[in-house]
Every structure is written in C-alpha cells, then in structure tokens.
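One structure follows; several queries about it will come next.
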Protein chains: 2
Amino acid sequence: MDEIIEIKEEIQPEHKHHSTEKDILEAAKRVFQIKGMYGARMQEIADEAGINKAMLHYYFRSKDKLFDAVFQDAAKNFFSKIRELLNVDKPLLEKIEYFVENYVELLMKNSFIPAFIITEVHQNPDRIKNVFLESGVNIEMQFISDIKTAISLGIIHPVDPKQLIINIIGLCVFPVAAKPIIKTMLSFGDEEYLKFLESRKKEVSKFIINAIKVH
Amino acid sequence: MDEIIEIKEEIQPEHKHHSTEKDILEAAKRVFQIKGMYGARMQEIADEAGINKAMLHYYFRSKDKLFDAVFQDAAKNFFSKIRELLNVDKPLLEKIEYFVENYVELLMKNSFIPAFIITEVHQNPDRIKNVFLESGVNIEMQFISDIKTAISLGIIHPVDPKQLIINIIGLCVFPVAAKPIIKTMLSFGDEEYLKFLESRKKEVSKFIINAIKVH
DNA sequence: GTCTATATAGGGATAGAC
DNA sequence: GTCTATCCCTATATAGAC
C-alpha cells in the first residue's frame, strides 16, 4: 500500500490545492536573485512570503532544494527565451533585429536575472549542466545554419557563427548584468540608465548589422 | 615612549617586516573570488594562506574588512587598466584594436575577476562607489572626445560614445564573465574555450571597426 | 606575531501541538 | 497545512598563553 501511495504522489503534483508553494517560490526568487544562495536567509524568504520559516522546509525540505527550484526555473526561462527568439522564421538580418529588440526588452523587465545566473554559475559551475540537459541539445543549431547560409549567399562577411552569437548575446546581456557598474562609470541616474537601455534596442542591432553586412 | 612607537607604526605600513599580510590577501583573493563574500569561509582562507584563523582577525579585524581589501584591490586594478589602455596615444581605430587585444589578454589571465565584481556589486551596489571615488572622475573622458572627433572627421559613423564604450567593454568582458555558461552552450572543452577567447583578440576589434568605420 | 581554546550568535532544520 | 519552540551545528570573533 505504501508503495502505491508513493507512486500516486509522484504522478500528481504535490500540494495542488494551495498557492503557498507558489508564494514561496516567488518570495524565494526575489530574495535569492539579489542576495544569492549564500547571502540569502530562510527567515527573510519566509517574511517575504508572509509565512513561517518551518513552511519552507515543509514544502522544499532544504534551502538547497528551494534554491535549486528557483535557479532552474530562472535559467530555463532565460535560455529557452533565447532559443525561441532565435528560431523565428525570418531572414538573418531581420532575425537579429527582432532578437535584440525583444531580448533587451525582456532583460529590462527581468534585470536581476543575468547577474544572478552569472553569480551562481560562477560559484557552482555544475548548476548550469542540468539546465541544458533538460531543455534539449545545441539550442542554436538553427541560427548557426542561418549564419552559414547568409555567408555563402554573400549577404554577410565570413564570420565564426559562434563568435557572432556570443557577440549578439553579450551586447544585450552585459549592460544589464553590470548595471550598477555602468551607472557609476557613466554617471547615470535611474532614468538615464533606462533610456540608455531603451536606445540599445535599436542601436545594438544597427551596430551588429553594420559589422557583418556586405554593403 | 609608547606613544612614539605608536606614531611610528601609523606613519609606516603596519607589519612591515612580514609577508603574512600579503599572504593573507592573496589567499583571501583566491577564495573570495570564487566563493564570494558570503560563500567564503575564514577557515578556508586561513588554510589557503597556511596560517591560523586567528591571524586573519589580527591583521584585518573582521571578515568584512578583509573582503573589502580584496575587492577594492581587484576592482581598482580592473578599472584602472581600462583607463590606462584607453588613454594610449593612438588614432581611434588603432586604439580600439590595441584595447581589445590587451584587455582580452588581461581577462584571460584574470578570468575570475569579471564574475566576481559583477556578483559583489550586484549584491551590494554601494561597494562600487568607493572604487570610483578614489581612482578619479570620469575615466573615459579622453576616449569619448576621441570618438566625437572621429565622427566629426567622418572617420566613423555617428554613434553615441557611451553606447560604443559599453559595446567594446561588453564584447571583451562578457565571454569571460559567463565562461561556464558559454562552455556549456557551445559545447566547449577547456582548450576550445581558450582558443575561442584567443580568437576574439582579433575578431572583436574587426567586428567593432566594421560596425563603426566609414568605408 | 602566532598559536589553542573558547565564547557567542546566527541560521538551517526538526519536533510536536493544533 | 500551519504554527511555536527548540535543537544543534557552524562560523565569526575574542581571550589569553607563549
């Protein structure tokens, strides 16, 4: 009998009738993304969720498991969004424009994610592996072949597709990941910084296309 | 007599005849840069330095002060190097080439610094302020005026100088800051990743110059 | 200056009532 | 499922001998 019950619990989601689990995840997300795995306190997450500390353990057993739930979720969204935006059916140059505009927009709405992921993967490189294991292999295969095609058609200059992908992603992500540094370096207030990012939606794709397009 | 000795110690660097302080800083640097402020353990730093835990407090009073010494040192080197490379006396396009080549080289030799700084500034934005307060104001003024001049001479297309600076720095820093992510995404082993960075010394400056140069 | 031993607090985790 | 109270370990920090 015990075994049957166990199977049932594995098939159906646990705690399905309550939003507490979701509340905890949202609270944990807010705290972990700023303070990180080691800087975050279970007490602060409980306060943020408006519940008791013991509940965190009831739902997620340990801090590490709770963190992992938050991290996996954030990272999977982050990378599946890249794949999604790179897989729209457009010619290469339009696709780059489309990607930059939408990805910068997404990053502006989730501005803590890049630094959060960089931090946690830097401190524990193994964490990234599970993310890619589940979300399928070689996410940028389609985009790489787009680039190769455009090169052979003489639309863009010859370029290592992997270098180009990293250039594109880096140009979008870096200014968000390094937000407080850039604000200080360039003497930006909050509004100026936001305008700066907003401009990048157009500026970065112009920059990239200028760099690779055959005129 | 006691007072005279005290004054002497304040004028000259403390603990001058021993390398212990330096040993501690080096050990702390290694540990903090990977584990971060909250993940690092004083015991581990002591082990790494080959001394006793109590010595850390003797020399630096607290974990926070020790961390701050490490962070300030790392950050100041990091940013003063940017300024130094951007202030060589060369025409803009050559200067960009020179910057990219040397900065990527430096980053390859100090590959933990970018993620370390991004992490700690993300978790505690105030830390970055002291860095810029001491190392002078507006580090990129010269470079910004170089860009404006090149635009007015018709050498490069009109572009927001601040956007261009962030593009240049981002293209160098991002692939190092996101090292484990990129290795996983692009299925790179250690050697492939190093070759990838090595190529960027030339590829990135070609990319940037293509993007901005008037042909 | 360097060590051993210890104080003290903080935080993750659990027990158990309801 | 949710709470209170508490356990217990770990980590920073200090005291004090040498």
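Keep in mind the model is a prediction, meaning the values are calculated, not measured.
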If the cut-off is 4.0 Å, is T20(B) near the phosphate of dG1(C), judged by side-chain N/O to OP1 or OP2? no
Step by step, work out the side-chain hydrogen bond (donor to acceptor under 3.5 Å, both in side chains) result for E120(B) and N124(B). CA-CA 6 Å; E120(B) 302 301 337; N124(B) 187 351; over 6 Å; no
Between the two end axes of the helix from dG1(C)-dC18(D) to dC18(C)-dG1(D), each built from 5 base pairs, what angle do you get to the nearest 10°? 10°
Measure the distance from CG on D23(A) to P on dT2(D) and round it to the nearest whole Å. 9 Å
Using whole Å, report how far OH of Y58(A) lies from P of dA13(C). 17 Å
d(CZ, F60(B); P, dG1(C)) in whole Å: 12 Å
When you measure from the side chain of K35(B) to the backbone of Q123(A), do you find a donor-acceptor pair of N or O atoms at a distance under 3.5 Å? no
For the side chain of K179(A) and the backbone of F112(A), is there at least one donor-acceptor N/O pair under 3.5 Å apart? no
For atom NZ of K63(B) and atom P of dT10(D), their distance in whole Å: 15 Å
How many whole angstroms separate atom CG of D47(A) from atom P of dC3(D)? 12 Å
note: M55(B), atom CE; dA15(D), atom P; distance rounded to Å ~ 17 Å
Any donor-acceptor pair under 3.5 Å from E26(A) side chain to D23(A) backbone: no
Tell me the interatomic distance from E44(B), atom CD, to dT12(D), atom C1', rounded to whole angstroms. 15 Å
May I have the distance from M42(A) (atom CE) to dC7(D) (atom C1'), rounded to whole angstrom? 16 Å
Applying a 4.0 Å non-hydrogen cut-off, can you work out what A40(B) is touching in the nucleic acid: base, sugar-phosphate, or nothing? sugar-phosphate
Any salt bridge between K90(A) and E97(A), counting N to O under 4.0 Å? no
Between R30(B) and D47(B), does any NZ, NE, NH1 or NH2 come within less than 4.0 Å of an OD or OE carboxylate oxygen? no
Do K63(A) side-chain atoms and A40(A) backbone N/O form a donor-acceptor pair below 3.5 Å? yes
Of the candidates dC3(D), dG1(D), dG12(C), the side chain of R41(A) sits closest to dG12(C)
Distance below 4.0 Å between Y59(B) side-chain N/O and dT2(C) OP1 or OP2: yes
Minimum-distance nucleotide (side-chain atoms of K53(B) versus dG1(C), dA13(D), dC3(C)): dA13(D)
Would you say H57(B) reaches dT14(D)'s phosphate, i.e. side-chain N/O to OP1/OP2 under 4.0 Å? no
